[in-house]
Amino acid sequence: MTGTIDISIDKIAKSRVEEYDVNNVPFGKCFSDHMLVAEYKDGKWQTPYITPYRDIPMSYAMSALHYGQAIFEGMKAYKNENGQVSLFRPLENFKRLNKSALRMAMPEVPEEIFMGGLMELIRLDSAWVPSSETGSLYIRPFLIATDEAIGVRPSDTYKFVIITCPAGKYYSEPIKVLVEQTYIRAVKGGVGFVKAAGNYGRSLYPTRLAQAKGYQQVIWTDSETHQYVEESGTMNLMFVIGDTVITPALSDTILSGITRDSVLSLARDWGYKVEERKISIKEIVEAHKNGTLKEAFGCGTAATIAHITAIGYEGIDYQLPALEDRKFSPKVDEHLRNIRKGKTEDKFKWMMAV
Ligand code: PLP
Ligand code: COI
């Protein structure tokens, strides 16, 4: 449900929006006027409130800081030519947040708090939504354990918060990626399939090593054999081999991306053959050698579609065809942008007006 809920609103005295060019700000560094907060205590959710964006008062013993009982989501709002603001598939983020909450022994956030709070917040800060072709308002809902306690156990208190920031491109250029053969992102039975904060902290060191070698991102491989590709950085991975769109099948080591699902829906709708299955590096190298590897790209909310120009594996950089020779990924990128900007039919009813 997306109806109204009881929210107390403390509006900022003077908006800060004019201090920025919202169509031209670095990703994730400039935050909109307001934030939504809902607290969980005494076994229930308290009335949510919207306040001017501000720092959090907290104890140095706050459990999220020590043991990572913290989860988040990433989603976007778009502004069309008439100034109408819409969200892209927000209910999917709501459902995924609660999937993460369950796995991390946290209380589920009620739909009326997530959706009702989100709608109210985005309406209030609609001036912060970029109107540029590739701009959007990045929305970061998150849930953190707030007990002041050092014992390792689920917290009794939590804060659910939504902050937002205008965003342009996450990657300014197509990316070169390195197949990671030593470190891993996720293991069977672990938390790779949810958006737990620790998944991202652990990715930084291997990514830094890859960057020092001239790559922008790593391709994560399976933890048991390092032979099968899983994801790239914070994106799901797709390949076009021959005329088939192929992506690793979902498992407990892969995040079920909303962009991934959208790309696959469009591919199927356009008559492409789509395969969700295991993909070995050997198969990718073979396809490169026999000329059938046409495209590789990552997809995600922040990154949208990130074209991959080269894949580094065992000391060799396998170069991919030039962007102008790719048929599927530029088309899917443009089509998704047009749906989000209200320029083409929203056949799957993905957009929700605020
Ligand atoms: N995989 C990981 C590890 C991510 O962090 C993300 C980003 O959210 C994705 C995939 C893509 O998911 P989505 O398309 O829902 O943003
Ligand atoms: C997203 O695409 O929303 C992500 O979560 C990536 C992010 C960690 C910047």
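All ligand and atom numbering here is 1-based and tracks the order in the structure. Keep in mind that this is a model prediction, so the values were computed, not measured. Along the sequence shown, the residues carry numbers beginning at 1.
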Query - Proximal ligand 1 atoms for Arg185, defined as those under 4.0 Å from one of its heavy atoms - result: 3 (C)

Query raised in the report: Can you tell me the protein heavy atom closest to atom 8 (O) of ligand 1 and the distance?
Result: Lys195 NZ, 2.5 Å

Query raised in the report: Which residues pass the salt bridge (Lys or Arg N to Asp or Glu O under 4.0 Å) test with Lys99, sequence neighbours left out?
Result: none

Query raised in the report: Closest non-hydrogen protein atom to atom 2 (C) of ligand 1, residue and atom name please, with distance?
Result: Glu231 OE1, 3.4 Å

Report task. Would you kindly confirm whether Phe94 and Ile258 end up in one hydrophobic cluster when ILVMFWY residues are joined by side chain heavy atoms under 4.5 Å apart? Result -> no

Query raised in the report: Considering Tyr170, Phe27, Tyr138, which one's heavy-atom position lies nearest to atom 4 (C) of ligand 2?
Result: Tyr138

Requested in this report: Could you tell me which atoms of ligand 2, counted from 1 in the order shown, lie closer than 4.0 angstrom to a heavy atom of Gly74?
Outcome: 3 (O)

Requested in this report: Take Tyr170 and Tyr138 through the ring pair (Phe, Tyr, Trp, His ring centres under 6.0 Å) test and state the conclusion after the steps.
Outcome: CA-CA 11 Å; Tyr170 192 74; Tyr138 186 78; 8.2 Å; no

Report summary line: Residue, atom and distance of the protein heavy atom nearest atom 12 (O) of ligand 1 read Gly257 CA, 3.4 Å

Query raised in the report: Using heavy atoms and a threshold below 4.0 Å, how should the contact between Arg96 and ligand 1 be classified: side chain, backbone, both, or neither?
Result: side chain

Query - Atoms in ligand 1 flagged as close to Gly300, the criterion being non-hydrogen separation under 4.0 Å - result: 11 (C), 14 (O), 16 (O)

Report task. Classify the contact between Thr234 and ligand 1 as side chain, backbone, both or neither, using a heavy-atom distance cut-off of under 4.0 Å. Result -> both

Query - Nearest non-hydrogen protein atom, atom 5 (O) of ligand 1 - result: Tyr200 OH, 2.5 Å

Report summary line: Connected to Tyr67, directly or through other members, by ILVMFWY side-chain contacts below 4.5 Å are Ile150, Val152

Query raised in the report: Among protein heavy atoms, which sits nearest to atom 16 (O) of ligand 1, and what does the distance come to when rounded to 0.1 Å?
Result: Thr301 OG1, 2.6 Å

